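Computed from a prediction, not measured in an experiment: that's the story for all the values here.
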2 protein chains.
Amino acid sequence: MSKKNVNASNQAPLSKVTIVEVAKKAGVSLGTVSRVINNDIHVAAETRKRVLAVTQELGYVANRQARSLAGGKTNTIGVIVRDLGTGYIGEIIRGIDSELNLSGVDLVLYTTHRTVSKEANYVASLAQGMVDGLLLVLPRSPVDYIGTLMEHNFPFVLIDHQGTGTACPAVGATNWQGAYNATEYLIKLGHQRIGFITGSMDLGCAEDRLQGYRSALRTHHLPLETELVYEGDFLQTDGYTGASALLDLPNPPTAIFASNDVMAMGVMDAVRNRGLRVPNDISVVGFDNIPQSAMVFPPLTTVQQPLEQMGRVATQILLGILKKPEKENGRIELPTELIVRNSTSAPKGRAG
Amino acid sequence: MSKKNVNASNQAPLSKVTIVEVAKKAGVSLGTVSRVINNDIHVAAETRKRVLAVTQELGYVANRQARSLAGGKTNTIGVIVRDLGTGYIGEIIRGIDSELNLSGVDLVLYTTHRTVSKEANYVASLAQGMVDGLLLVLPRSPVDYIGTLMEHNFPFVLIDHQGTGTACPAVGATNWQGAYNATEYLIKLGHQRIGFITGSMDLGCAEDRLQGYRSALRTHHLPLETELVYEGDFLQTDGYTGASALLDLPNPPTAIFASNDVMAMGVMDAVRNRGLRVPNDISVVGFDNIPQSAMVFPPLTTVQQPLEQMGRVATQILLGILKKPEKENGRIELPTELIVRNSTSAPKGRAG
DNA sequence: AAATAATTTGGAAACGCTTCCAAATATAAA
DNA sequence: TTTATATTTGGAAGCGTTTCCAAATTATTT
């Protein structure tokens with residue numbers, strides 16, 4: 001008969017009831033109420049019950065501002081990202097958010113919009129007490145502030161970055177291995193000349209992917225030709241121009257491996273625009289496994305990054321640090337996985 | 001024992017300079033420093049300069065917690081979204097964020113993960129003083145709390161929703177007109193039987209799109225056949241199953257209009273899986289113009305929604321309300337635009 | 001039963017800032 | 001010059017919590 005039980009707070013959700021009123025109504029002191037809502041041991045069971053009841057009845061909600069001012073904790077963690085455009089970062093945030101939800105911690109989001117200088121600024125002011133800890137997603141220039149952060153023992157975790165030199169809590173993916181596996185897969189299909197389009201080389205993951213590609217070639221005794229490597233910046237147009245350049249080579253590659261899916265889409269465009277077909281004439285591989293990689297035509301063979309999981313794990317680590325700061329945390333790498341779809345096949349001359 | 005000493009064992013947090021130290025060093029009172037950093041008129045130019053200098057020198061950063069406790073303002077606005085998976089919402093947030101950046105207001109992000117009950121909860125607790133205002137993106141059940149919010153005069157703006165009955169600040173897109181135009185475009189190409197796949201019908205925008213489609217048919221004296229309308233939920237699989245159902249009809253449509261791009265991709269899959277071609281056999285139209293709609297093959301004809309702009313405008317309105325609460329704000333609709341790409345053509349029998 | 005220990009509670013001092021009021025100073029009008 | 005007025009400043013009272021200390025109460029031991 002009742003479609004939903006109406007909770008008492010529905011009556012006047014926005015009325016500001018403070019701890020004082022709760023204390024008065026429950027006939028106890030301020031301190032006791034505070035202890036109850038903070039689950040302090042030293043409260044008689046009966047008193048606790050009574051206070052809780054009043055709390056419910058009055059629809060009391062603690063004021064976070066006051067709480068953190070007095071207690072020195074904000075119960076909030078800051079997430080600093082570059083932007084939200086690609087969906088790539090959205091996946092990571094999703095992981096962060098769902099993990100945070102579990103512990104009732106809030107998330108303050110900051111975007112740096114690719115402005116390097118902002119990054120350090122934000123870090124400084126956030127660490128100044130606005131948040132209890134920081135999650136830095138795909139940071140550009142962590143060197144600028146990691147030192148400060150560590151010096152002051154401010155809790156933070158890096159997501160998808162590496163090579164800061166110093167050992168600090170970080171979560172990433174096995175970029176090297178992923179690139180290695182994808183390259184090896186192409187080699188085993190029979191490809192001998194494999195083009196590569198890099199990401200922003202100021203990002204550790206881009207460097208690792210390049211090295212994974214190189215190692216695979218080396219392992220299989222294929223030459224490392226610099227003309228087959230085009231430096232991109234993770235944008236779709238880089239894929240397009242990069243592929244165009246590679247296909248213009250006197251001896252063009254039969255497969256192109258792009259450092260991310262977005263560039264791989266650019267590659268496919270370029271291939272098609274030349275009247276060639278994917279994968280019949282040119283095989284294409286991406287990296288990330290963003291949602292649309294399954295939706296393009298042909299569906300893209302790519303390397304899956306466990307993005308949501310990365311966010312989740314990083315958050316767990318950060319919450320762990322918050323609990324016991326003394327614990328040492330290093331870098332964690334989550335496994336990537338090759339997802340084979342229809343954008344790859346044996347090279348033409350060798351088709352089976 | 002000394003009065004108040006720093007607990008020696010703990011590491012110092014990032015050097016906490018307070019207003020007191022600034023005041024002391026600048027040789028002025030607390031109040032004056034506060035006035036300076038709040039740009040209060042009543043400060044002598046020379047005093048202001050001096051205080052500012054000390055501020056700089058000491059690296060003072062205001063403590064937000066204290067600030068909002070004392071001032072009653074949090075300088076933060078809350079954004080409530082369902083999730084971040086699609087990129088659709090990412091675009092909106094981007095607009096919000098860039099606008100907020102301009103005024104130095106912070107953004108606290110809450111995701112409801114498609115849990116309706118959470119929505120009301122968050123709204124209640126956020127409005128309890130955590131934020132100065134609320135931006136509700138694609139709300140599911142605003143009716144549950146809009147009343148309360150308005151009653152208490154709590155500032156908020158709805159994004160991409162309508163039909164709450166009550167007049168309240170909201171920003172949306174001309175969904176009706178967009179669907180109308182797209183349908184009319186198909187009709188003018190010569191299509192007589194046009195399938196339609198709806199979105200989640202509990203969302204106003206989905207309803208509007210359906211009505212736009214219907215109106216266009218009516219205007220052009222085409223019959224409204226219920227068998228041509230399939231109810232989806234904005235997910236890719238709905239596009240697939242919907243299109244499959246439509247194509248199984250004794251008299252199948254020659255064009256299919258999906259209520260969003262993601263479903264349109266599902267439609268294209270279904271069409272191809274039947275050995276039919278887009279657009280030669282079946283024309284496909286989407287809605288939203290998400291980034292990947294330009295990247296699929298063939299590039300999708302769709303209706304562009306000004307997502308980032310919607311976020312931007314909504315934020316401006318909210319900040320406006322915060323400044324002068326008495327101002328009345330109603331619903332604003334930003335124009336959609338038909339983007340013609342290669343997934344549409346004249347129907348086969350009538351090709352030109 | 002008295003003495004001691006453990007548990008529970010009340011009270012008050014911060015936390016760092018805003019803001020109001022009144023005091024002090026400078027400026028304009030008389 | 002004197003009085004009235006405007007400008008600038010200092011001081012103090014909160015804002016709603018947490019947390020420490022001591023007081024009150026209860027349980028345990030001798």
- Tell me what A:S68 touches on the nucleic acid: a base, only sugar-phosphate, or nothing, going by heavy atoms under 4.0 Å. nothing

- Task: Please report, rounded to the nearest Å, how far the C1' atom of C:dA24 is from the NE2 atom of B:H42.
- Result: 16 Å

- Message: Expressed as a whole number of angstroms, how long is the span from A:L69:CG to C:dA14:P?
- Response: 14 Å

- Note on the structure: Comparing B:L30 with B:I41, nearest DNA chain D nucleotide closer to 5' gives the residue B:I41

- Interatomic distance, B:D40 CG vs D:dT8 P [rounded to whole Å]: 10 Å

- Among D:dT17, C:dC17, C:dT9, the one nearest B:A66 by side-chain distance: C:dC17

- Residue B:V28, side-chain atoms from C-beta onward, closest of D:dG10, C:dT18, C:dT8: D:dG10

- Message: Starting the side chain at C-beta, find the nucleotide from C:dT9, C:dC20, D:dT18 nearest to A:S34.
- Response: D:dT18

- Query: Distance check: side-chain N/O of A:S29 vs OP1/OP2 of C:dG11, anything under 4.0 Å?
  - Reply: no

- Task: Round to the nearest Å and state the distance from A:K24 atom NZ to C:dG10 atom P.
- Result: 14 Å

- Message: If you only use heavy atoms from C-beta on, which nucleotide in C:dT9, D:dT18, D:dG16 is closest to the side chain of A:R67?
- Response: D:dT18

- Query: Contact class for A:G31 vs. all strands (heavy atom < 4.0 Å): base, sugar-phosphate, or nothing?
  - Reply: base

- Taking atom P of D:dG14 as reference, at what distance in whole Å does atom NZ of B:K73 sit? 21 Å

- Is there a donor N/O on one and an acceptor N/O on the other, under 3.5 Å, for the side chain of A:R64 and the base of D:dG16? no

- Query: Would A:E91 and A:R94 pass as an ion pair if we require N to O under 4.0 Å?
  - Reply: yes

- OP1 or OP2 of C:dT9 less than 4.0 angstrom from a side-chain nitrogen or oxygen of A:T32, does that happen here? no

- Message: Nearest to the B:A70 side chain among D:dT19, C:dT18, D:dT9, which nucleotide is it?
- Response: C:dT18

- Query: To the nearest angstrom, how far is B:N63 atom CG from C:dT18 atom C1'?
  - Reply: 13 Å

